[in-house]
Amino acid sequence: EAVAANTLFRVWLDLLIPCNLRCRHCYLDFSEKDIVPFPEVCSYMDQLAEHGCPELVLTGGEIFLRKDLLDIVAYAESKGFLFDLYTNANFIDKKKADQLAKYAITTVQISIYGTTAPIHEAVTKKAGTFEKSITAAKLLIDVLPAAASVTLIASTFPSRSCASASSLPAVADNGGTISAVITNRPA
């Protein structure tokens, strides 16, 4: 329908450049500290809604560095968007997961770069990030509505970890309650 209506179907809205990680593959210029002001974010969402865009992805650097992220999420919901959050999930604790559960989020996509902490953290260049991401995924699975999905995206896998990418669901939850694992390289 979006193609026939000549409208945007899904838009990725970069909310900020700053990130808590320094991933080897990242294209962001970390000397930049740009954060899109809240009124400007709302204006973009207003324009997208007016043009009939149904889907929105909130991404950036790390979106949870924004103190007003939940306000942005609430605004996206008020505009009727189907929306996803792309994050490394390092700032999602039980309280934040419970807060997110109040919204009609379609997907929370969490970047994972290996099935072990050493592999993942060789990419993120920061110790402790693997456990934070996996813990956040489990918290979100427990609190988000069944209609929402938590996706661990195994993209930009270093070649040494490709063979173990298929074991990621077991790493996340010893039984695969993660809704999907997407890889962009063959195992």
Side-chain angles (χ1 to χ4, degrees), residues 2-3 5-93 96-97 99-113 120-121 123-126 129-130 132-133 136-137 140 144 148-158 179-185:
V3 173
N6 198 27
T7 190
L8 297 170
F9 182 74
R10 180 174 243 215
V11 171
W12 281 256
L13 182 55
D14 283 334
L15 300 174
L16 71 167
I17 290 177
C19 184
N20 58 308
L21 306 179
R22 295 295 179 265
C23 297
R24 293 181 357 194
H25 62 277
C26 189
Y27 58 87
L28 294 176
D29 176 357
F30 293 110
S31 66
E32 296 291 326
K33 303 296 180 203
D34 291 344
I35 297 176
V36 181
F38 181 73
E40 196 171 324
V41 172
C42 293
S43 175
Y44 292 149
M45 286 193 270
D46 290 342
Q47 292 172 56
L48 291 167
E50 287 171 20
H51 289 284
C53 178
E55 295 187 18
L56 182 65
V57 176
L58 300 176
T59 188
E62 174 47 49
I63 60 174
F64 283 93
L65 286 173
R66 289 192 69 124
K67 294 186 184 339
D68 61 355
L69 180 63
L70 292 177
D71 296 326
I72 293 169
V73 167
Y75 197 78
E77 183 175 82
S78 77
K79 299 306 282 185
F81 288 109
L82 299 173
F83 62 98
D84 299 349
L85 305 179
Y86 284 15
T87 178
N88 61 43
N90 283 197
F91 298 104
I92 299 176
D93 56 13
K96 188 71 68 180
Q99 290 170 326
L100 290 170
K102 298 174 185 173
Y103 300 99
I105 299 166
T106 306
T107 301
V108 178
Q109 182 171 294
I110 301 171
S111 301
I112 300 291
Y113 303 110
H120 175 83
E121 292 164 8
V123 175
T124 64
K125 300 181 185 178
K126 193 165 185 184
T129 57
F130 180 78
K132 287 179 181 178
S133 295
L140 291 168
L144 289 179
S149 69
V150 176
T151 302
L152 297 180
I153 183 159
S155 63
T156 320
F157 255 70
S179 66
V181 176
I182 303 167
T183 60
N184 65 349
R185 297 184 186 191

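This is a predicted model, so every value here is computed, not measured. Numbers for residues simply follow the sequence, beginning at 1.
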ask   = Can you find a heavy atom in the side chain of R24 that is under 4.5 Å from one in the side chain of K125?
value = yes
request  = Evaluate the criterion side chain to side chain contact (heavy atoms under 4.5 Å, CB included) for residue pair V11 and Y44; output intermediate values, then yes/no.
outcome  = CA-CA 10 Å; V11 171; Y44 292 149; over 6 Å; no
task = Please determine which of L144, L82, L85 meets the side-chain contact (heavy atoms from CB on, under 4.5 Å) test together with T106.
result = L82
ask   = Roughly how far apart are L58 CG and W12 CH2, rounded to 0.5 Å?
value = 12.0 Å
inquiry  = Are there over 12 heavy-atom neighbours, none belonging to K33, within less than 6.0 Å of that residue's NZ?
reply    = yes
ask   = Does the side chain of L70 reach to within under 4.5 Å of the side chain of Y103, using non-hydrogen atoms?
value = yes
remark   = When rounded to the nearest 0.5 Å, the distance separating NE2 of H120 from SG of C23 is 7.0 Å
query = Are V150 and I110 side-chain neighbours, meaning at least one heavy-atom pair lies under 4.5 Å?
reply = yes
ask   = Less than 4.5 Å apart, any side-chain heavy atom of R66 and any of V41?
value = yes
ask   = Heavy-atom distance under 4.5 Å between the side chains of L100 and F64, does that happen here?
value = yes
key: Distance (rounded to the nearest 0.5 Å) between L69 CG and F91 CZ   = 12.0 Å
inquiry  = Considering only residues two or more places apart or on different chains, which pairs with a residue in residues 75-90 satisfy salt bridge (Lys or Arg N to Asp or Glu O under 4.0 Å)?
reply    = R10-D84, D46-K79
task = Show your reasoning for whether side chain to side chain contact (heavy atoms under 4.5 Å, CB included) applies to V73 and F83.
result = CA-CA 9 Å; V73 167; F83 62 98; 3.6 Å; yes
query = Does some side-chain heavy atom of N88 sit less than 4.5 Å from a side-chain heavy atom of C19?
reply = yes
request  = Output the distance between atom CD1 (I112) and atom OG (S133), rounded to the nearest 0.5 Å.
outcome  = 4.5 Å
query = Can you tell me how far NE2 of H25 sits from OH of Y113, rounded to the nearest 0.5 angstrom?
reply = 3.5 Å
inquiry  = Could you walk me through whether E62 and T87 satisfy the side chain to side chain contact (heavy atoms under 4.5 Å, CB included) test, starting with their C-alpha distance in whole Å, then the side-chain angles of each, then the deciding distance to 0.1 Å, before giving a yes or no?
reply    = CA-CA 6 Å; E62 174 47 49; T87 178; 2.7 Å; yes
ask   = If every non-hydrogen atom of P54 is compared with every non-hydrogen atom of L8, which pair is closest and at what distance?
value = CD-O, 3.7 Å
request  = Working to the nearest 0.5 Å, report the span between CD1 of I35 and CG of L65.
outcome  = 7.5 Å
request  = Show your reasoning for whether side chain to side chain contact (heavy atoms under 4.5 Å, CB included) applies to Y86 and I63.
outcome  = CA-CA 8 Å; Y86 284 15; I63 60 174; 5.8 Å; no
query = Minimum heavy-atom separation for M45 to L56, with atom names?
reply = SD-CD2, 3.6 Å
inquiry  = Using the side chain to side chain contact (heavy atoms under 4.5 Å, CB included) criterion, which residues pair with I17? Sequence neighbours excluded.
reply    = L28, E32, D34
inquiry  = Looking at every non-hydrogen atom in both residues, tell me the closest pair between S149 and T151 and how far apart they are.
reply    = OG-OG1, 3.8 Å
remark   = Closest heavy-atom pair, T124 versus E121, reported as atoms and distance to 0.1 Å, is OG1-CA, 3.3 Å
